[in-house]
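Below is one structure; the comments refer to it alone.
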Amino acid sequence: MAEAILEELAEKLIQGKAPEVKELTQKAIDAGMGAGQILDDGLVAGMAVIGDRFKRNEVYVPEVLIAARAMNAGMTLLKPLLQEAGVEPKGTVVVGTVKGDLHDIGKNLVCMMLEGAGYNVVDLGVNVEADKFIAACDENQAHALGMSALLTTTMTSMKTTIDAFSEAGARDKVKIIVGGAPLTQNFADEIGADGYAPDAASAVDILDEIIGAA
Ligand code: B12
């Protein structure tokens with residue numbers, strides 16, 4: 001019975017059906033299932049399928065956004081219960097688009113995927129200066145920082161930011177991952193990032209790997 005509800009919940013999330021996801025989340029809660037179980041075996045399981053399909057180009061940005069909206073519909077019911085139950089997130093990740101860059105569609109997808117995978121995400125928005133990244137990582141005791149850049153002219157802000165972390169003595173406290181259409185693994189290596197991912201679903205994989213939260 002429990003398994004059937006959670007399977008249906010994952011399936012409706014994959015289909016992007018927000019009202020049904022909300023309804024089934026409530027049904028699972030009413031059936032006495034734990035918030036952590038509903039999250040992991042229902043919502044996160046569904047989002048993982050979307051992530052895999054997105055990686056394989058079987059679904060595109062709109063489908064991911066619609067699935068993320070459905071995920072949020074379930075999360076509004078689960079969040080208070082998760083807090084009450086003290087279910088720990090996998091880790092805290094500060095995310096932002098670097099200074100001079102206003103592109104945020106990819107960054108928002110990364111945030112949604114990370115939240116969907118069980119991370120606590122602090123989204124700083126766009127045009128974020130190095131000092132703001134450093135302060136936010138410190139205030140939130142972040143395990144990781146994710147930086148996004150879509151312009152060849154702003155990719156360099158990533159190196160400036162990583163250098164600023166080193167100068168502030170904060171580089172060892174946080175793992176740094178980078179992404180955005182013009183980036184490559186080579187570039188990430190050159191600027192001293194800990195990880196790079198070409199898409200939002202792989203961002204989860206790389207983060208799980210480098211902070212050991214899989
Ligand atoms: C939409 C868009 C805009 C919108 C942005 C709206 C918004 N809210 O984001 C607007 C109109 C504002 C805009 C403005 C500009 N844009 Co523009 N824009 C685009 C466009 C068409 C799509 C970008 C996008 O959203 N892609 C979809 C997302 C899902 O993909 P993504 O961002 O790459 O993200 C994925 C991965 O890269 C990865 N990822 C992303 N971030 C991160 C972070 C981490 C940590 C990780 C792990 C992974 C990761 O995961 C994401 C999901 O899978 C691209 C062209 C293109 N086809 O890419 C041009 C493009 C990026 N823009 C370009 C330019 C030049 C500009 C402007 C300078 C234009 C102008 N002359 O004013 C301004 C710059 C404004 C500024 N200061 O930022 C150029 C950049 C060229 C270059 N080599 O630098 C492009 C490539 C267009 C072109 N062919 O010339 N733009």
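Remember, it's 1-based here, ligands and their atoms both numbered in the order they're listed. We're numbering straight along the sequence, starting at 1.
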Problem - Donor-acceptor contact below 3.5 Å, side chain N120 vs main chain P89 - result: no
Handout entry: For D104, the ligand 1 atoms whose distance to one of its heavy atoms is below 4.0 Å
Key = 7 (C), 8 (N), 9 (O)
Practice task
Starting from atom 6 (C) of ligand 1, find the nearest protein heavy-atom neighbour and note its residue, name and distance.
Solution key: I105 CD1, 4.3 Å
Problem - Under 4.0 Å to a heavy atom of L109 - the qualifying atoms of ligand 1, by number - result: 29 (C), 52 (C)
Problem - Neighbouring protein N, O or S atoms of atom 17 (Co) of ligand 1 [cut-off: under 2.8 Å, no waters] - result: H103 NE2
Exercise for the section: Using a strict cut-off of 4.0 Å, indicate which atoms of ligand 1 neighbour a heavy atom of V110. Expected result: 39 (N), 42 (C), 48 (C), 49 (C), 50 (O)
Problem - Point-to-point distance, once rounded to the nearest 0.5 Å, from CD of E84 to NZ of K79 - result: 15.0 Å
Problem - For D199, atoms of ligand 1 separated by under 4.0 Å from a heavy atom - result: 38 (C), 50 (O), 53 (O)
Exercise for the section: Examine the side chains of D30 and Q26 and answer whether a donor and an acceptor come within less than 3.5 Å of each other. Expected result: yes
Handout entry: Main-chain N/O of Y60 paired with E63 side-chain donor or acceptor, under 3.5 Å
Key = yes
Problem - Spacing of CG belonging to L78 relative to CD belonging to Q37, to within rounding of 0.5 Å - result: 11.0 Å
Practice task
Please answer whether the main-chain N or O of D104 pairs with a side-chain N or O of N108 as donor and acceptor at a distance below 3.5 Å.
Solution key: yes
Exercise for the section: Using non-hydrogen atoms of the residue, decide whether F54 is closer than 4.0 angstrom to ligand 1. Expected result: yes
Practice task
Do me a favour and list the nearest non-hydrogen protein atom to atom 76 (C) of ligand 1 with residue, atom name and distance?
Solution key: L102 N, 3.5 Å
Exercise for the section: Answer yes if a protein heavy atom lies under 4.0 Å from atom 24 (C) of ligand 1, otherwise answer no. Expected result: no
Practice task
May I ask whether G195 has any heavy atom positioned less than 4.0 angstrom from an atom of ligand 1?
Solution key: no
Exercise for the section: Name the closest protein heavy atom to atom 77 (N) of ligand 1, giving the residue it belongs to and the distance to 0.1 Å. Expected result: G100 O, 3.0 Å
Handout entry: L109 and F54, any side-chain heavy atoms less than 4.5 Å apart
Key = yes
Practice task
Could you tell me whether some N/O pair between A200 and ligand 1 is separated by less than 3.5 angstrom?
Solution key: yes
Practice task
Evaluate the 4.0 Å heavy atom contact test for atom 9 (O) of ligand 1: does a protein atom fall under the cut-off?
Solution key: yes
Completion exercise
Closest to atom 41 (N) of ligand 1 among protein heavy atoms sits S148 OG, 2.7 Å
Using residues 191-199 as the side-chain source, report each donor-acceptor pair under 3.5 Å to any protein atom, sequence neighbours left out, with the distance given to one decimal.
residue, atom, partner, partner atom, Å
D194, OD1, R171, NH2, 3.4
D194, OD2, R171, NH1, 3.3
D194, OD2, R171, NH2, 2.9
D194, OD2, I176, N, 2.7
Y196, OH, L183, O, 3.3
D199, OD1, A201, N, 3.1
D199, OD1, S202, N, 2.8
D199, OD1, S202, OG, 2.8
D199, OD2, S202, OG, 3.1

For residues 123-133, run the donor-acceptor check on the side chains, cut-off 3.5 Å, and write out each pair with its distance to 0.1 Å, sequence neighbours left out.
residue, atom, partner, partner atom, Å
D123, OD1, K107, NZ, 3.0
D123, OD1, G125, N, 2.9
D123, OD2, K107, NZ, 3.1
N127, OD1, G100, N, 2.7

Exercise for the section: Do me a favour and list the nearest non-hydrogen protein atom to atom 46 (C) of ligand 1 with residue, atom name and distance? Expected result: G179 CA, 3.5 Å
Show me the donor-acceptor pairs within less than 3.5 Å that the side chains of residues 135-146 make with the rest of the protein, sequence neighbours left out.
residue, atom, partner, partner atom, Å
N140, ND2, A136, O, 2.8
H143, ND1, T92, N, 2.9

Exercise for the section: List every atom of ligand 1 that sits less than 4.0 Å from any heavy atom of D101, numbering the atoms from 1 in the order shown and giving each element. Expected result: 78 (O)
